[in-house]
There are 2 protein chains.
Amino acid sequence: MARKRFADMNCSVAQSLDIIGDWWTLLIVREALLGTQQFADFQSRLGIAKNILSKRLQRLVENEILMRVDIGRSGSRFAYRLTPRGKDLLTVITALREWGDRWIFGEGNEPVVIRDRRTGGLVPPLRITDGEGLAIEARHLRAEPGPGATREILERTRTLD
Amino acid sequence: MARKRFADMNCSVAQSLDIIGDWWTLLIVREALLGTQQFADFQSRLGIAKNILSKRLQRLVENEILMRVDIGRSGSRFAYRLTPRGKDLLTVITALREWGDRWIFGEGNEPVVIRDRRTGGLVPPLRITDGEGLAIEARHLRAEPGPGATREILERTRTLD
DNA sequence: GCGTTTGGTTTCATCACGCAACCAAATCGA
DNA sequence: TCGATTTGGTTGCGTGATGAAACCAAACGC
């Protein structure tokens, strides 16, 4: 049977994962955020098989996360560049990196750190905050049906804790 | 060939994806955050095959994202509950949800919204901020080797844009 | 004009995913 | 107390996805 897709679920998490949840896909986006643009560079930096890379890049272009720009005079030399939609995945990648830093490598063993170029300071971790920028604890958060909710969601209002 | 694992890459994003990047895994965590605890409930709410769910739950328990608690008097009735490590994935799920809200459903069509119980207000989107809580634009962010960097990383210092 | 680089595609073997059937222990209902 | 049902799985089988290596054509560099 074909792998089940999540595209029909009425849930933004599922929809997002349907597009970027494939094996390798987010690592390709991470490479793109670090400046990689060409097929051969993605391939050698990630150690991904060429046929898989080819499929993933195609899918990322179809979904307008990358665009394939023709460079080179008259033919086939291409650059894959992030679209605004793709650049906006920085938050997702950041959340994943920070989680790995905290729970796998541990404080003081981060392979990569992010710095604010203007001040030179390290960028503090992402937090869920209120309008004033103050952190909100999970037990104070409540999930509830939004304007695009379907019937199954309507019964589920839950505290996130 | 077996699917390649990312566990040996010196990168927090790759390590995180190695653990939670499997098809279905983050949706199971999302369900857990919404309060689901039992096998049959995960199965019916997600529409996932039982053998796959079984494997994913096992892996999540091995990786200490869920714990399997024995409920019921004298035997086999179990609850899968999030550990602190698992609860900390809320940021990742939130980033994914918000990306999907922005780029797939669009403003005003969110299936689910998150509210601050104390104030009743909607929770604003995650942002990468400096120490004062002010947003930092991507072009002001720079990735550079951290304390746990290996040699391949040492040459790569990049602006994220 | 010729070798090399780039950006793939093809082939084949292996593994993961999905469905349905099956199952044993625990619990529920009468 | 005994049979039915619920819970939490496992097993078998078919199909699609993944990975390695070989192959290839068009562009580019000299």
Side-chain angles (χ1 to χ4, degrees), chain A residues 1-9 14 17-29 31-32 35-63 66-81, chain B residues 1-9 14 17-29 31-32 35-63 66-81:
Chain A
M1 259 273 144
R3 177 214 235 148
K4 193 174 211 166
R5 288 279 163 186
F6 305 143
D8 54 338
M9 294 189 190
L17 288 174
D18 195 67
I19 292 180
I20 55 166
D22 272 313
W23 208 237
W24 284 115
T25 297
L26 274 177
L27 284 185
I28 293 172
V29 173
E31 269 307 306
T36 302
Q37 296 198 348
Q38 288 184 264
F39 189 96
D41 294 330
F42 283 108
Q43 208 251 312
S44 68
R45 295 209 175 120
L46 291 173
I48 181 178
K50 293 169 91 179
N51 49 352
I52 306 299
L53 176 58
S54 180
K55 269 194 217 165
R56 290 293 172 275
L57 287 174
Q58 265 185 39
R59 214 169 123 75
L60 285 166
V61 170
E62 279 168 24
N63 286 308
L66 295 177
M67 49 192 177
R68 188 174 185 258
V69 185
D70 199 324
I71 56 179
R73 274 186 269 282
S74 67
S76 66
R77 200 126 313 181
F78 306 103
Y80 292 91
R81 300 214 178 106
Chain B
M1 260 273 146
R3 178 212 233 146
K4 194 174 211 167
R5 286 279 162 186
F6 305 143
D8 54 339
M9 294 189 190
L17 288 174
D18 194 67
I19 292 180
I20 55 166
D22 273 313
W23 208 238
W24 285 114
T25 298
L26 274 178
L27 284 185
I28 293 172
V29 174
E31 269 307 306
T36 302
Q37 297 200 344
Q38 287 183 265
F39 190 96
D41 294 330
F42 283 107
Q43 209 251 313
S44 68
R45 297 210 174 119
L46 291 173
I48 182 179
K50 293 169 91 180
N51 51 348
I52 307 298
L53 176 58
S54 181
K55 270 193 214 165
R56 290 293 171 275
L57 288 174
Q58 264 184 39
R59 215 170 122 74
L60 285 166
V61 169
E62 279 168 24
N63 286 307
L66 295 177
M67 51 192 176
R68 187 174 185 259
V69 185
D70 199 326
I71 55 178
R73 275 186 269 282
S74 67
S76 65
R77 200 125 312 183
F78 306 104
Y80 292 90
R81 300 213 178 108

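So that the names make sense, note that chain A is the first sequence line, chain B the second, and so on, each numbered from 1.
Among the nucleotides D:dG8, C:dG7, D:dT18, the one closest to the side chain of B:R77 is D:dG8. Among D:dT7, D:dG9, C:dT9, the nucleotide with an atom closest to any side-chain atom of B:Q38 is D:dT7.
The two atoms that bring A:D70 and A:R77 nearest to each other are OD1-O, 3.4 Å, heavy atoms only. Residues A:F39 and A:L53 share a closest heavy-atom pair of O-CD2, 3.5 Å. Scanning all heavy atoms of the two residues, the minimum distance from B:I48 to B:F42 falls at CG2-O, 4.2 Å. Here the closest heavy-atom approach between residue B:K4 and residue A:G47 is recorded as NZ-O, 2.6 Å. Across all non-hydrogen atoms, the minimal contact from A:I52 to A:W24 is CG2-CD1, 3.9 Å. A pairwise comparison of heavy atoms in A:A32 and A:L66 identifies CB-CD2, 4.2 Å as the closest pair.
In this structure, the CD1 atom of A:I71 is 11 Å from the P atom of D:dG29, given to the nearest Å. When the P atom of D:dT18 is taken as reference, atom CG of B:L17 falls 14 Å away, rounded to whole Å. Rounding to whole angstrom units, CZ of residue B:R59 and P of C:dA16 are separated by 10 Å. In this entry the distance linking CD of B:Q43 with C1' of D:dT10 reads 14 Å, nearest Å. For the pair A:L57 CG and C:dT6 P, the interatomic distance rounds to 16 Å; values are reported in whole Å. Between A:F39 atom CZ and D:dC24 atom C1' the separation is 14 Å, expressed in whole Å. For the pair A:D18 CG and C:dC17 P, the computed distance is 15 Å after rounding to whole Å. To the nearest angstrom, P of D:dG9 lies 15 Å from CZ of B:R56.
Backbone-only engagement by A:Y80 is indicated by non-hydrogen atom pairs under 4.0 Å involving sugar-phosphate atoms exclusively. Nucleic acid contact class of A:K55 (heavy atoms, under 4.0 Å, all strands): base.
A:T25 and A:R59 are not linked by any side-chain donor-acceptor pair at a separation below 3.5 angstrom, with hydrogens and angles left out of the test.
Close to D:dG8, at under 4.0 Å from its OP1 or OP2, lies no side-chain N or O of B:R68. For C:dG7, the OP1/OP2 oxygens have no side-chain nitrogen or oxygen of A:S54 closer than 4.0 Å.
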Return the polar atom pairs (N/O with N/O) between nucleotides 18-21 of chain C and the protein under 3.5 Å, or none.
| residue | atom | partner | partner atom | Å |
| --- | --- | --- | --- | --- |
| C:dG18 | OP1 | A:K4 | N | 2.6 |
| C:dG18 | OP2 | B:W24 | NE1 | 3.0 |
| C:dC19 | N4 | B:N51 | ND2 | 2.5 |

